[in-house]
Amino acid sequence: MSAAIKMDELLVTWLSADNVYENVLSLIESYRSSSLNNNGNNNHNNPSKSGISSPPSSPPRKSSGSSARGGGGGGEVDDATSDASPRGVATIPPFYRQAGSMTNGTKSMPVYRKNSFDTDQTWEGVFCNRDTSSSSTDLAPGMNESSTNNTANTAATQPMVPIKDQVEAIFQELGKTTNDGKSSYLTIENFVKVTKEICSFPTFFNRPLYKRILYLWNTHMIKSQNQRLLLWKEFQNDSLKIGVDLDDNAIEQDELLKHLDTVITKDIFKWYWIEEMEEYDASERFFRLLKRPFEDYVGKDDFLPYMKELLKDHPGLEFLSNHAEFQDKYAITVITRIFYSVNRCHSGRITARQIRRSDLLSAFHQVDEEEDINKVTRYFSYEHFYVLYCRFWELDHDRDYKITRDDLMKYGDQCLSHLIVERIFEAAPRPFGLPELEPEKAAKGNKKSPKDYLSYEDFIFFMLSEEDKANEVSVHYWFTCIDVDGDGKLNNMEMRSFYALQQHRMQQLGHEYIPFEDMLCQMIDMIKPKNEEYLVVEDFLQEECAAVSGALFDALFNLNKYLQFEQRDPFQERQKREDEFETDWDRFACMDYNRLAMEEEAREEDAMEIDWVTADDDDEESEDFNLGLGGSSEAPF
């Protein structure tokens, strides 16, 4: 039995890999489809298995009172080889069930990994009229038994409407007739209702979604990859006239568009829904829309079309409409923060599984619904962007958008040791890897390495990790910097070398000397590692010590925060735990934004006083001059 349990654990670990996980799904489905007919024939000849049907949508959990080897008396079946065993290869339940597979002689709908929808997502609505008392395998896509029970009382008065009928109603309300009069279409402005109500995407996804549908439709019959790439580049052009009224004669038709469909008809949307939406849950739909059609990951540039639409349409960002430079910086900041939280392996490529495990889709929906952009603290807050960019601007004295080691030493009133600054440049994770050396400088023989500076995106990674050491990403960030030998363990020698600089700085500044052994003993008592000889990443991520694990990092390289930790007020610590902020970063960003706002107001007041003094001086000189001439004149202002 113990060997079987270990095999289960090995299987779970193996499935956790992104590529293996998706490949196993297809292998299971192909095995099941090939064995369904054999199982059906065997059931007629084997009475003991006559009650076994297709595998359930999830492994059944056995209670202690029930037996997995048959009921009561004889006829015991070995648990390791039984068809009902979760460990049996033939009965591993699929995470997805392909649409079109047959179960009990009827067509089965896809089973989703998460219950994203409360309604039937098939185009024809083939499950809208199913009996609510049927088994869980007969539920509509995205629904489970609990969601069915919750909606059972309203099902009679509010029946599920097929997607086809919902789309038909929108086309009848907002659609326009094509020139040949055979079909109707929706312009890009009228397509918003489909984007929001049918596809369940945020409003500002409308234009990218419209363009994606037309691109996929116009290229689904093209076999040449080069032609698809060329057409993809054309569709990324903002000046491309698609989704406009076909009756508008004032619009000049591009030569390329004369051979393509430029508006979405009902038939085109039906094709898109069946191909890209019907069989996928909300997370998978979101991923497939974000990524480029010929890639299997989401890159940095894939977010730009959506950020442009957000900046153009969101009322909380309207004041940036005349500041193109800050629009770009805001977009870069949001995208980098997304990669910081979602792409935790720092590969610069977000996979479908990473999106599924993140809160990215809900954050996009939140920013779409919330008019105050600063209330969306996940990724999109303008105040957070303001704090990040101002801190970068304060350090970047030569305005080349690069932070050198000397620049970073000035961060936080020179709170960092020079050893950790060196490690940040050498070993700290970077969101999009090391930048390539500019061709002009490389031709001139410039030997300056990209590791000699931090870009704005790299600085965002650093600052988010520095001001919030209680999250998993920052723990990995600083652990990598401290782990000099790269063995995945922090030993006493590594920590002592960093702390020696802190001791020297404490002595220079006249602070109380704290021996390394006393500091380490205090930190070990708080973190409670499994092995006191060294620390691993998992020790810092324990739930009971997550709030204080960052204190060790502060003790090793941030003198100001370490001294604040040693002199902390218990009353203030209690207030901090009970305040409105969810993370240390949210708390810091709010305080620092208020500081920057007060400094800006003070500068404006000083500037106004200088203007008034200058105006008064000019007025007195003007009066003296006019009096000398024996006449009067108008005031100089």
Side-chain angles (χ1 to χ4, degrees), residues 189 192 195-196 199-209 238 282 286 289-290 298 300-343 350 355 358-394 431 456-457 459-461 463-464 467-468 471 473 579-601 604:
E189 289 78 11
V192 176
T195 301
K196 185 71 173 177
C199 299
S200 301
F201 288 130
T203 305
F204 60 94
F205 276 41
N206 181 61
R207 183 175 294 275
L209 174 62
D238 293 335
F286 179 63
L289 178 59
L290 284 179
V298 178
K300 176 177 65 173
D301 295 337
D302 295 334
F303 287 98
L304 291 177
Y306 306 93
M307 292 305 305
K308 288 180 180 178
E309 295 300 313
L310 178 67
L311 285 161
K312 183 175 65 175
D313 297 337
H314 199 283
L317 299 171
E318 186 178 359
F319 66 96
L320 284 177
S321 58
N322 296 325
H323 303 280
E325 179 183 359
F326 290 103
Q327 285 184 340
D328 295 340
K329 294 302 179 185
Y330 173 80
I332 292 174
T333 303
V334 172
I335 294 172
T336 305
R337 291 188 65 186
I338 289 174
F339 274 83
Y340 178 84
S341 300
V342 179
N343 183 228
I350 297 178
I355 285 184
S358 71
D359 60 352
L360 187 57
L361 179 57
S362 63
F364 271 97
H365 279 293
Q366 183 185 2
V367 75
D368 184 43
E369 301 293 339
E370 180 59 62
E371 293 187 1
D372 187 355
I373 194 73
N374 293 316
K375 290 184 179 180
V376 189
T377 56
R378 296 178 296 175
Y379 316 121
F380 295 98
S381 171
Y382 182 81
E383 291 183 355
H384 292 191
F385 155 71
Y386 190 83
V387 170
L388 288 165
Y389 190 72
C390 286
R391 283 296 186 107
F392 180 83
W393 189 257
E394 290 173 355
Y456 177 54
E457 294 91 334
F459 178 79
I460 292 175
F461 259 48
M463 190 168 173
L464 292 175
E467 302 303 338
D468 184 5
N471 66 76
V473 181
D579 61 19
E580 59 181 341
F581 302 106
E582 296 182 3
T583 64
D584 291 341
W585 164 252
D586 293 342
R587 184 181 299 105
F588 167 81
C590 180
M591 296 173 61
D592 206 52
Y593 180 81
N594 293 332
R595 175 188 67 83
L596 292 169
M598 292 176 61
E599 292 178 356
E600 183 66 24
E601 291 177 1
E604 291 179 356

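Quick caveat, the model's predicted, so the values are computed rather than measured. Quick note: numbers below take in every heavy atom, side chains included, and nothing from hydrogens, waters or symmetry partners.
Inspection of the Asp586 and Thr583 side chains reveals an N or O donor paired with an N or O acceptor under 3.5 Å.
Summarising the geometry, atom CD belonging to Glu457 is positioned 12.0 Å from atom CG belonging to Leu388; distances are rounded to the nearest 0.5 Å. To the nearest 0.5 angstrom, Lys196 atom NZ is 4.0 Å from Thr203 atom OG1. With rounding to the nearest 0.5 angstrom, the OH atom of Tyr382 is 7.0 Å from the OH atom of Tyr386. Asp368 CG to Phe205 CZ: the interatomic distance, rounded to the nearest 0.5 Å, is 8.5 Å. Note that NE2 of His314 is 14.5 Å distant from NZ of Lys312, once rounded to the nearest 0.5 Å. The line from CG of Leu464 to NE2 of His384 is 10.0 Å long, rounded to the nearest 0.5 Å.
Ring planes of Phe339 and Phe303: perpendicular class, angle over 60° (limits at 30 and 60°).
Listed for the Asn374 side chain is no donor-acceptor partner under 3.5 Å among the backbone atoms of Ser381. One N or O on the side chain of His365 and one on the backbone of Ser200 form a donor-acceptor pair closer than 3.5 Å. Remark: the backbone N or O of Val192 is paired with a side-chain donor or acceptor of Asn206 at under 3.5 angstrom. Using modelled atom types, no side-chain atom of Ser341 and backbone atom of Ile338 make a donor-acceptor pair closer than 3.5 Å.
Nearest heavy atom pair, residue Arg337 against residue Trp585, reads NH2-NE1, 3.5 Å. Heavy-atom minimum distance, Asn471 versus Val473: OD1-N, 3.0 Å. The shortest non-hydrogen separation linking Val342 to Ser358 is CG2-CB, 3.8 Å. Across all non-hydrogen atoms, the minimal contact from Ala331 to Leu311 is CB-CD1, 4.4 Å. The nearest pair of heavy atoms linking Leu596 to Val387 is CD1-CA, 4.1 Å. Nearest approach of Ala363 to Val376, heavy atoms of both residues: O-CG1, 4.4 Å.
Lys308 and Asp238 are joined by a salt bridge, as a carboxylate oxygen and a charged side-chain nitrogen come within less than 4.0 angstrom of each other.
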Could you walk me through whether Met307 and Phe380 pass side-chain contact (heavy atoms from CB on, under 4.5 Å), step by step? CA-CA 10 Å; Met307 292 305 305; Phe380 295 98; 4.2 Å; yes
Determine, step by step, whether Asp359 and Tyr379 satisfy the side chain to side chain donor-acceptor pair (under 3.5 Å) criterion, reporting the C-alpha distance in whole Å, the side-chain angles of both residues, the deciding distance to 0.1 Å, and the verdict. CA-CA 10 Å; Asp359 60 352; Tyr379 316 121; 2.7 Å; yes
Show your working on side-chain contact (heavy atoms from CB on, under 4.5 Å) between Phe385 and Val334 and close with a plain yes or no. CA-CA 8 Å; Phe385 155 71; Val334 172; over 6 Å; no
Would Asp468 and Arg587 satisfy salt bridge (charged side-chain N to carboxylate O under 4.0 Å, His left out), going step by step from the backbone distance to the final call? CA-CA 9 Å; Asp468 184 5; Arg587 184 181 299 105; over 6 Å; no
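Taking the six-membered ring for Trp and the full ring otherwise, the centers of Tyr306 and Phe364 sit at least 6.0 Å from each other.
Annotation: side chain of Pro208 is in contact with side chain of Glu309 (closest heavy-atom distance under 4.5 Å).
Under the ring-ring contact (aromatic ring centres under 6.0 Å, His included) criterion, Tyr340 pairs with Phe461, not counting sequence neighbours.
Residue pairs meeting the side-chain hydrogen bond (donor to acceptor under 3.5 Å, both in side chains) criterion with at least one member in residues 317-335, sequence neighbours excluded, are Glu325-Tyr401, Thr333-Tyr456.
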